Participant: 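I have a structure here, written as structure tokens, and I will follow up with some questions on it.
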Amino acid sequence: MKGRKIGSLILAALLITTSVPVASANSQAASGKETKTANVKKGSHKVTGIVEVAKQQAKSQAAAVKKAVAPSSEKTEFSKDEILVKYKTMVKAQDVGTVEKGASIKKSKDLGSSGVKLYKVQNGNSVDKTLAKLKQDKNVVYAEPNYKIKVNAVNDPYYSKLWGLKNTGQFVYDSFGTAGMDINVEEAWKKTTGANVVVGVVDEGIDINHTDLKNNIWVNTKEIPGDKIDNDHNGYVDDVNGWDFVHKDNTVYDVSDGDEHGTHVAGTIGASANNVGVIGVAPNVKLVSLKFLSPDGGYTSDAIEAIQYAQKMGIKILNASWGGDQYSQALYDAIKNYDGLFVAAAGNEGINTDSFGSYPSAFDLPNILSVASVDSDGYLSYFSNYGVKTVDVAAPGENIYSTVPSGYKYMSGTSMATPHVTGSAALVLASHPQYTAAEIKQSLMENTKKLSSLSGEVATGGLIDVGKSVTYNADDDIPGVALTGSKVTDSLNQTSDLDDVYAVTLSKGEKLTANLSGAAGTDFDLYLYDSKATTTQSSDGILKYSEKTGTSNESVTFIAPYAGTFYLDTYAYSGVGSYTLSVTLGATAASYDNKSEVLNYVSSAPWDVVSNSYASSGSYSTINAAKSSVAFVFNGTGIQYNAIKNAQQGIARVTLDGAAQNVDLYSSTAKYNTPVFEKVGLQAGVHTLKIEWTGLKNALARKSSTAINIDSITVTNKQSIAVEENNAAVTYSGSWTGASSSSLSGGTAKYSATKGSTAELKFTGEEIKVLGYTGNNRGKADIYVDGKLVKTADLYSSTTKYKVTLYEAANLTKGSHIVKVVNRGEKTAASTGTGITLDSFVISQKYGSYRVEENTSSATYKGTWNTSSSANHSAGTAKYSSATGNDLEYTFTGRGITLLSYTGPDKGMSDIYIDGKLMKTVNMYTSSTQYQVPIYSVSGLSLGSHKIKVVNKGAKSAGSTGTMITVDAFDVSAY
């Protein structure tokens with residue numbers, strides 16, 4: 001069954017034979033980018049990017065005064081040793097001679113009655129300096145270079161009729177135009193003419209034998225013409241130049257149908273530069289005829305099939321100069337599923353399509369570029385549809401001269417405007433072959449020629465300017481390109497490529513860390529713009545910046561105050577060279593307390609912040625209300641959620657990357673900063689944690705015990721710590737001697753030839769490597785982990801080798817371990833000795849914290865300490881001592897430690913030392929007994945081994961009845 005018939009309102013070749021009484025443009029609105037004479041630091045100096053222009057004045061269309069052609073951005077060429085000079089009237093000959101002598105110039109000739117003289121610059125002087133000197137002379141009217149003038153490179157005889165490509169104000173069809181109101185195609189041709197790009201014309205057929213088109217007709221090289229076999233297995237037999245979806249055959253042009261409209265469109269897109277007839281916007285593209293329209297219109301089903309054919313054949317740009325007022329979901333879906341750019345005519349009804357749709361151009365799809373029509377004065381054509389939401393750009397669409405089967409013809413309509421944009425898209429793709437449809441569209445929309453006549457009429461307020469578009473990189477300005485991955489390497493140039501802009505989408509509270517490093521001799525800066533910013537050519541919208549003078553080593557840290565897309569701008573203040581931008585999204589390995597900005601709290605009632613000296617950072621946040629949650633975006637391989645557990649708490653739902661489970665926070669006795677949820681072994685990268693109120697409670701709790709709380713969250717990232725052989729945490733027995741070499745880890749190692757000599761390390765982690773150096777006089781070593789022999793390592797090698805892994809263990813249980821290396825006193829037959837070596841240990845840690853009980857063999861107690869047993873203690877036991885000076889020492893590997901004790905009415909004070917330094921005197925007195933209390937905590941230590949020491953001070957507070965101190969457990973932090 002046929003689909004809905006598409007009307008031919010837009011298809012009609014609307015010929016404009018009478019002028020429309022509208023005002024002409026006396027000026028063009030600024031492009032929105034200021035030309036700066038010198039680069040500035042955007043953050044510390046205000047940059048204004050909008051150039052104000054005078055309000056447009058109306059003029060009669062009959063006025064004969066025309067505008068000058070807009071200057072080209074091409075570098076001006078002139079003679080390096082000649083200048084032109086004109087003197088004031090009645091200047092005496094001797095005065096001229098004085099001028100010539102003073103400026104070191106010699107006359108070559110007089111240029112007739114104009115009074116201008118041609119001079120040679122003498123003595124190696126530059127033209128610029130000579131001109132500057134002459135311009136100061138009172139006898140000189142003007143002095144200027146001898147400019148080089150080039151002939152017009154386009155020789156197609158009807159080029160002067162193509163005002164849309166080059167508008168000099170010439171008379172075309174029935175009226176003069178305004179110079180510069182064109183798509184600036186000649187500037188684009190300096191870079192590309194569209195080679196290697198294929199464009200599909202979804203329309204009537206194309207006269208593939210037309211003199212101006214035949215060389216640019218696409219050929220399906222995977223088909224053998226005329227063999228009646230579908231050689232490329234795409235479902236279409238002998239589709240050599242495209243397909244006719246009307247007649248269901250490969251005759252893409254039918255004389256009986258006329259096919260004027262499709263041929264006219266094709267000519268504007270890609271007529272050849274062949275000294276014949278006209279020239280297309282992209283004169284070297286290949287055109288595919290995807291015919292679905294006949295003289296009385298076409299069907300939606302055929303249009304869909306044509307689009308699907310383009311998708312199947314890898315055609316990246318389609319021209320659609322047709323449409324109607326009927327919304328088709330099927331057509332919408334076909335375009336949505338098309339990977340390329342779909343350039344569509346806005347329609348010829350003169351209506352606002354924001355209110356009255358015209359489809360497919362008004363479909364809200366990111367790969368559609370909708371086109372309105374303007375006349376040769378830059379005004380919206382009276383017939384053209386418009387709409388700031390549904391129409392993107394404007395292009396020349398009145399009195400457009402192009403190919404038809406019988407030759408050439410003027411036509412008007414948004415149908416004629418659209419191929420100007422399609423050809424422009426082809427030039428952009430040719431200059432940026434890697435571009436996606438979105439990036440081609442962005443390049444065209446970001447670089448339109450802003451016209452006050454189009455303000456409020458189309459989304460960009462501008463006329464296509466392909467000359468700018470082909471040299472524009474999608475990353476040159478906001479909205480930039482989407483940042484993919486964590487690192488990007490590119491280059492900047494202080495004169496030709498000032499900015500590279502990257503779009504980053506963040507959740508509320510999500511952390512961004514960006515680091516920029518550039519080539520030596522450059523001064524590149526880094527800026528972060530707000531989601532509402534529209535350009536990096538202004539300081540407006542800068543949220544964070546880093547602009548150190550004389551260096552390209554910059555960094556920015558940002559926490560999003562709301563969800564949105566933000567823009568990172570790498571900017572060349574000075575220099576030319578490469579750079580690397582590294583971006584980390586999410587909170588990185590560290591501990592984050594309840595007040596951290598990276599936590600995104602949501603609730604129907606405010607979360608309460610409760611002060612408590614035993615909580616992390618002295619407080620925790622709690623809520624007992626429906627629709628309450630906290631979200632946290634992090635970057636790591638593990639996560640640990642720490643909470644207060646007590647009789648008022650209920651059950652929280654914890655969701656990690658979409659996987660949910662319930663966590664019970666109830667406890668009959670209070671427990672502080674307790675790990676209640678932990679996951680490790682996650683894939684490195686960004687993850688999302690969400691904690692929600694459920695209203696559920698423990699069966700033992702009171703009815704109202706449904707609160708949830710946040711104390712802290714720890715992000716972990718599996719890391720390795722090197723512990724050198726000379727670290728104080730390594731203990732030796734027997735005879736060991738030192739060795740030095742730059743090839744050794746840390747530059748040193750130890751060696752022992754004595755049987756039974758040992759080296760031992762107590763460590764916290766799940767993986768360990770033992771490194772040594774081997775040689776021709778080495779023997780064997782027994783290696784033990786937690787008292788168990790795990791390997792006998794042979795250290796013999798015929799030549800000396802450094803940093804050799806003698807033993808490696810993975811997936812050890814969480815917590816503390818002991819590794820021991822013992823000289824076995826044996827060797828292989830080839831070895832000349834039994835010596836063993838120890839270079840270093842490499843410890844890997846996955847968890848945020850490790851619970852180490854007070855009775856660990858790694859803890860050393862001095863004086864009298866007794867054991868307390870209770871189900872409320874960590875692992876059921878704790879130690880206590882009442883005598884002044886009694887102490888314990890515990891050596892740990894990590895970056896932080898928390899001491900857990902039990903407090904009560906008879907407890908006293910203790911001094912806490914870290915690595916021999918008194919850090920704090922803590923008071924263990926409380927009016928009632930409390931268990932697993934975090935008495936002292938420290939973080940941010942250097943990676944490696946440290947020692948905590950707890951000493952009974954023999955002192956107490958006034959309310960206490962004793963001086964007892966207690967130790968329950970240690971939570972060792974890896975971060």
Side-chain angles (χ1 to χ4, degrees), residues 486-487 504 506-515 555-560 582-601 615-617 619-621 629-644 652-661 663 673-692 708-721 764-767 814-815 843-851 893-898 934 937-943 971-975:
S486 60
K487 184 178 291 186
V504 185
L506 301 175
S507 303
K508 181 181 179 182
E510 186 170 356
K511 184 179 181 181
L512 176 149
T513 304
N515 293 289
S555 63
V556 163
T557 300
F558 175 69
I559 297 173
S582 301
V583 178
T584 300
L585 299 179
T588 51
S591 185
Y592 300 88
D593 66 44
N594 59 299
K595 296 180 181 179
S596 176
E597 291 179 285
V598 297
L599 297 178
N600 179 21
Y601 288 96
S616 174
S617 300
S619 70
Y620 63 91
S621 295
S629 64
V630 60
F632 176 62
V633 179
F634 66 96
N635 194 316
T637 59
I639 189 76
Q640 180 176 290
Y641 159 36
N642 305 304
I644 306 297
R653 178 177 291 111
V654 179
T655 304
L656 177 61
D657 296 336
Q661 70 179 71
V663 172
N673 200 24
T674 302
V676 295
F677 174 85
E678 186 168 23
K679 290 289 183 182
V680 294
L682 303 175
Q683 183 177 357
V686 179
H687 304 273
T688 301
L689 179 77
K690 189 175 185 180
I691 302 165
E692 298 174 274
I708 65 171
N709 70 85
I710 307 292
D711 191 345
S712 66
I713 295 178
T714 301
V715 178
T716 63
N717 208 354
K718 181 180 175 181
Q719 60 177 290
S720 295
I721 304 170
T764 305
E766 299 76 49
E767 298 179 9
K814 178 183 178 182
I843 302 165
S844 295
Q845 300 175 322
K846 295 187 289 186
Y847 293 87
S849 65
Y850 303 79
R851 176 63 57 89
T893 302
R895 298 194 64 179
I897 192 167
T898 297
S937 184
V938 64
S939 60
L941 301 174
S942 60
L943 288 174
D971 280 341
V972 179
S973 174
Y975 297 92

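Quick caveat, the model's predicted, so the values are computed rather than measured.
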Participant: Is there a side-chain contact between Val633 and Val598 in this structure, where contact means two heavy atoms from C-beta onward sitting under 4.5 Å apart?
Facilitator: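 The answer is no, as the side chains (C-beta and beyond) never meet within the 4.5 Å cut-off.
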Participant: In the structure I gave you, are the side-chain heavy atoms of Ser617 and Lys595 within less than 4.5 Å of one another anywhere?
Facilitator: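 Counting from C-beta outward, Ser617 and Lys595 never come under 4.5 Å.
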Participant: Is a side-chain N or O of Asn635 found less than 3.5 angstrom from the main chain of Gly586, in a donor-acceptor match?
Facilitator: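 Here the side-chain-to-backbone pair does not exist.
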Participant: Do the side-chain N and O atoms of Ser973 and Ser849 include a donor-acceptor pair separated by under 3.5 angstrom?
Facilitator: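 Not at all, the side chains of Ser973 and Ser849 share no donor-acceptor pair under 3.5 Å.
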Participant: Answer yes or no: is there a side-chain heavy-atom contact under 4.5 Å between Gln845 and Arg895?
Facilitator: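 In short, these two side chains do not touch, never coming nearer than 4.5 Å.
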Participant: Looking at CD1 of Ile691 and CD1 of Ile708, how far apart are the two atoms once the value is rounded to the nearest 0.5 Å?
Facilitator: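 CD1 of Ile708 is found 7.0 Å from CD1 of Ile691.
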Participant: Thr513 and Thr557: which non-hydrogen atoms are nearest, and at how many Å?
Facilitator: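 Closest approach of Thr513 to Thr557: CG2-OG1, 4.0 Å.
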Participant: Are Lys718 and Glu767 side-chain neighbours, meaning at least one heavy-atom pair lies under 4.5 Å?
Facilitator: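 Side-chain contact under 4.5 Å: yes.
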Participant: Atom CG in Leu689, atom OG1 in Thr655: separation rounded to 0.5 Å?
Facilitator: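 One finds 8.0 Å between CG of Leu689 and OG1 of Thr655.
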Participant: So, taking the atom named OG in Ser486 and the one named CG in Asn515, what distance separates them when rounded to the nearest 0.5 Å?
Facilitator: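 Atom-to-atom, Ser486:OG and Asn515:CG are 11.5 Å apart.
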Participant: Do the side-chain N and O atoms of Asn594 and Ser621 include a donor-acceptor pair separated by under 3.5 angstrom?
Facilitator: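 The criterion, which ignores hydrogens and geometry beyond distance, is satisfied for Ser621 and Asn594.
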Participant: Tell me whether the rings of Phe634 and Phe632 are parallel (<30°), tilted (30 to 60°) or perpendicular (>60°).
Facilitator: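 The rings of Phe634 and Phe632 lie parallel, inter-plane angle below 30°.
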Participant: Taking atom CD of Gln683 as the centre, does the number of heavy atoms from other residues, nucleotides or ligands within less than 6.0 Å exceed 12?
Facilitator: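 It does not: Gln683 CD has 12 such atoms or fewer within range.
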Participant: For atom CZ of Arg851, is the number of surrounding heavy atoms from other residues, nucleotides or ligands below 6.0 Å larger than 12?
Facilitator: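 Yes - once you tally the heavy atoms of other residues, nucleotides and ligands closer than 6.0 Å, there are more than 12.
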Participant: Tell me, with the steps shown, if Tyr592 and Val715 meet side chain to side chain contact (heavy atoms under 4.5 Å, CB included).
Facilitator: CA-CA 8 Å; Tyr592 300 88; Val715 178; 3.9 Å; yes
Participant: Taking atom OG1 of Thr688 and atom CG of Asn600, what is their separation to the nearest 0.5 Å?
Facilitator: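 Thr688 OG1 to Asn600 CG: 11.0 Å, rounded to 0.5 Å.
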Participant: Got Thr716 and Gln640 here, is their nearest side-chain heavy-atom distance under 4.5 Å?
Facilitator: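 No, side chains not in contact.
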Participant: Under a 4.5 Å cut-off applied to non-hydrogen side-chain atoms, are Phe677 and Ile639 in contact?
Facilitator: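 Heavy-atom side-chain distance check passes, below 4.5 Å.
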Participant: Could you tell me the separation between the OH atom of Tyr641 and the NZ atom of Lys679, rounded to the nearest 0.5 Å?
Facilitator: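 If I round to the nearest 0.5 Å, the distance is 15.0 Å.
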Participant: Please confirm whether the backbone N or O of Ala643 pairs with a side-chain atom of Asn709, one donor and one acceptor, at under 3.5 Å?
Facilitator: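 No; zero donor-acceptor contacts below 3.5 Å.
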Participant: Looking at CG of Asp711 and OG1 of Thr674, how far apart are the two atoms once the value is rounded to the nearest 0.5 Å?
Facilitator: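 Answer rounded to 0.5 Å: 8.0 Å.
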Participant: Within the 3.5 Å criterion, strictly below it, is a donor on Asn717 or Thr588 matched to an acceptor on the partner's side chain?
Facilitator: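 On atom types as modelled, these side chains do not qualify, holding no pair under 3.5 Å.
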Participant: Tell me, do Asn642 and Pro675 make a side-chain contact under 4.5 Å, heavy atoms counted?
Facilitator: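 Yes, side chains in contact.
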